[in-house]
2 protein chains.
Amino acid sequence: MSSRRATIADVAREAGVSVSTASVVFSGKTPVSDATRSRVLVAAATLGYTGPDPRAASLRRGRSGIVGVVFQDHLSRVFLDPVVTHMMDGLADAVAPLGAGLLLLRDDETPEGASSDPSLTTAPIDAAVLIGCSGRMRDQLAVLEARGIPVVVIEGDAGPHVPRIDLDNHEAQRAVAQHVRGLGHTDVVLLTLPADAVRTFGWIREDREITTDVTRVRLGGAREVFPDAPAFAAESSSIDQGLAAGRAILAAGRPTAVIAQSDLLAAGMIRAAEEAGLRVPEDLSVTGFDGVVVDGLEPYELTTVVQPATDKGRAAGEAVAARLDGRDAASFRFTCTFRAGNTTAPPRL
Amino acid sequence: MSSRRATIADVAREAGVSVSTASVVFSGKTPVSDATRSRVLVAAATLGYTGPDPRAASLRRGRSGIVGVVFQDHLSRVFLDPVVTHMMDGLADAVAPLGAGLLLLRDDETPEGASSDPSLTTAPIDAAVLIGCSGRMRDQLAVLEARGIPVVVIEGDAGPHVPRIDLDNHEAQRAVAQHVRGLGHTDVVLLTLPADAVRTFGWIREDREITTDVTRVRLGGAREVFPDAPAFAAESSSIDQGLAAGRAILAAGRPTAVIAQSDLLAAGMIRAAEEAGLRVPEDLSVTGFDGVVVDGLEPYELTTVVQPATDKGRAAGEAVAARLDGRDAASFRFTCTFRAGNTTAPPRL
DNA sequence: TTGTAGGCGTTATCAT
DNA sequence: ATGATAACGCCTACAA
């Protein structure tokens with residue numbers, strides 16, 4: 001019972017071998033005779049040595065085995081979105097073979113520039129995945145680049161040289177809109193994700209700039225089909241927000257279809273319609289986006305486009321793996337799949 | 001443009017000061033004259049030095065600034081539960097002042113014993129928070145203890161010496177049951193969380209052992225008031241599961257009240273009741289557990305007990321902080337608060 | 001306030 | 001198959 005933890009040197013001494021041999025027993029980098037191996041293992045057991053200290057190993061190797069995941073928002077809000085959840089799962093899968101764990105980093109930079117401690121600048125990460133998009137992302141990229149840390153961006157405004165995982169948001173949303181128009185709808189309202197960092201709830205005026213990439217791009221896709229459709233922005237992607245927005249939309253008029261930018265919003269919209277005595281899809285068609293399982297939406301099955309959320313995460317993980325391998329990772333653009341449900345139908349005459 | 005990254009020694013040389021001075025400029029541990037400081041900073045800038053290498057720093061300090069969070073389940077499933085989400089938020093808050101980040105660790109140990117790489121045994125963590133409860137948790141505890149890593153357990157079966165964050169599940173559930181009985185109900189069904197690792201969906205037979213702690217304890221609380229109430233186990237805590245279970249329950253009989261072990265299950269139960277033409281609370285009273293915001297449940301407001309999920313996470317974080325500080329952390333037991341909603345009423349005569 | 005020196009625990013290289 | 005040795009980059013007594 002020494003006060004100090006045993007080190008590999010202690011183990012080597014106890015086993016009567018050299019440190020390098022002991023080290024090799026644990027890393028398996030070089031063949032070792034069975035006899036010596038077991039001697040070392042026994043020595044380790046007696047000394048209560050549980051393996052190399054990861055800190056020392058990572059200094060020596062120049063690798064920590066940790067991948068940072070940087071969010072632009074509070075963790076609680078971020079994980080409420082099933083798309084994010086699935087992405088994380090894919091990401092975790094893809095980095096697992098690397099022997100890497102995921103370090104959650106939220107962007108807490110105080111406005112003053114005095115960053116709080118656990119930040120991008122000091123975390124022992126081998127690579128980083130930036131998720132979402134905000135003004136600060138450029139700064140974050142700069143910091144990471146200066147540190148020489150490989151970065152992959154998921155659906156965000158990366159610079160050149162930075163591999164990004166993207167989605168065909170424009171095309172997918174246009175496809176949905178075309179489906180709706182194909183059914184005969186002309187009186188359509190667009191229900192969008194937050195339009196900017198302020199997250200203003202309400203009708204989007206034409207002079208208002210939409211700074212959130214996803215929102216702007218999906219809106220563009222829908223407007224290609226319905227150039228004049230009014231758009232209403234929610235504060236976040238949730239059923240309750242969809243419900244609130246839905247009430248406001250129905251209070252202002254009676255469109256025959258609502259194209260929502262997320263499944264959760266669409267679910268809320270449906271509920272608002274029911275509340276107003278409208279039947280879906282007979283009186284109102286509603287479409288979603290994402291293709292996530294909306295808990296509690298039964299018996300409806302949303303007409304939506306399915307985005308490969310898990311695959312997006314996995315692709316990001318693979319891109320990270322590639323960059324850590326010295327290869328350079330290509331950007332990748334995923335494609336959504338249209339899925340017809342029972343929430344759209346021709347408008348009533 | 002040297003091929004090697006600049007180190008603090010390079011910066012010191014460039015600035016014409018000693019390494020220790022340069023080091024101090026970055027750590028701020030000791031006062032430095034303004035003149036020297038700026039010389040060092042300038043030197044760092046010219047050399048593209050962005051601060052001490054975290055790996056080296058952590059070896060030297062014996063700290064990595066990382067707290068591991070160990071889940072018993074797939075990440076995607078885990079984060080679907082709002083309670084977990086909030087806990088994570090509290091946890092993140094509480095460890096932030098430590099300058100620590102959160103490393104996601106899922107328990108991936110292959111059954112064969114050949115653990116996959118990114119594991120508890122090799123992660124450079126200063127402390128760990130174990131969440132939930134499973135058989136493997138004991139092993140995990142053993143590993144971490146052997147490594148000398150402080151552990152805090154949230155709602156799980158920890159050994160002695162391990163601080164745990166707990167909830168008064170028994171008392172809280174009993175309080176709910178008493179409320180229900182106070183309204184006059186006698187024909188009650190209990191709708192529970194999964195009863196064991198197999199997650200069997202269906203009526204819980206009396207000879208079946210309930211291995212999941214939370215489920216067993218809450219059930220015990222309810223049974224103290226309704227000793228003979230039948231119990232039906234869901235596969236997971238979700239609205240859809242509540243709906244499915246609710247259908248099964250109503251197909252088997254017409255209780256006047258259902259006591260659910262989570263708000264999500266309760267929400268599904270309500271939906272099942274509506275579907276069956278029952279009004280809540282007139283024809284059927286329903287109670288929940290957790291006090292989370294159930295997206296899309298409007299206009300209902302669940303009668304439930306509110307658990308301080310965020311506080312639980314925060315407490316765990318503070319316990320971690322304490323143990324890293326050398327103090328020892330006390331276990332803590334949180335109390336739920338009863339909250340009357342509009343989903344319970346006296347039974348109809 | 002600034003400098004000197006030693007070591008944190010490992011692993012990679014090279015020789016044996 | 002095994003061993004000696006030199007980094008990895010930093011921090012912190014301690015001394016000046």
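Below, chain A is the first sequence line, B the second, and so on; all start at residue 1.
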In whole angstrom, what separates [X]'s [atom1] from [N]'s [atom2]?
X: B/Arg13; N: D/dG9; atom1: CZ; atom2: C1'; value: 13 Å
X: A/Arg55; N: C/dC8; atom1: CZ; atom2: P; value: 14 Å
X: A/Arg63; N: C/dA12; atom1: CZ; atom2: P; value: 12 Å
X: A/Phe26; N: C/dA12; atom1: CZ; atom2: P; value: 15 Å
X: A/Arg61; N: C/dA12; atom1: CZ; atom2: C1'; value: 11 Å
X: A/Arg5; N: C/dT10; atom1: CZ; atom2: P; value: 10 Å
X: B/Leu59; N: C/dG6; atom1: CG; atom2: P; value: 18 Å

**Q.** Side-chain donor or acceptor of A/Arg323 paired with backbone N/O of A/Glu318 under 3.5 Å
**A.** no
**Q.** A/Val214 backbone acceptor or donor facing A/Thr212 side chain under 3.5 Å
**A.** no
(Q) Over 60° means perpendicular and under 30° means parallel, so tell me whether A/Tyr49 and A/Phe26 are parallel, tilted or perpendicular. (A) perpendicular
Q: Give the B/S/- string for nucleotides 2-7 of chain D, one per nucleotide from 5' to 3', where a protein heavy atom under 4.0 Å of the base yields B, of only the sugar-phosphate yields S, and otherwise -.
A: BBB-BB
Q.
Applying a 4.0 Å non-hydrogen cut-off, can you work out what B/Tyr49 is touching in the nucleic acid: base, sugar-phosphate, or nothing?
A. sugar-phosphate
(Q) Considering every strand and a 4.0 Å limit on heavy-atom distances, what is the contact class for B/Ile8: base, sugar-phosphate, or nothing? (A) sugar-phosphate
Q.
Please tell me whether B/Ser18 and B/Thr21 have a donor and an acceptor in their side chains that are separated by less than 3.5 angstrom.
A. yes
Q | Euclidean distance, A/Ser58 OG relative to B/Asp53 CG, rounded to 0.5 Å | A | 8.0 Å
Q: Drop me the distance from B/Ile66's CD1 to A/Ser64's OG, to the nearest 0.5 angstrom.
A: 7.0 Å
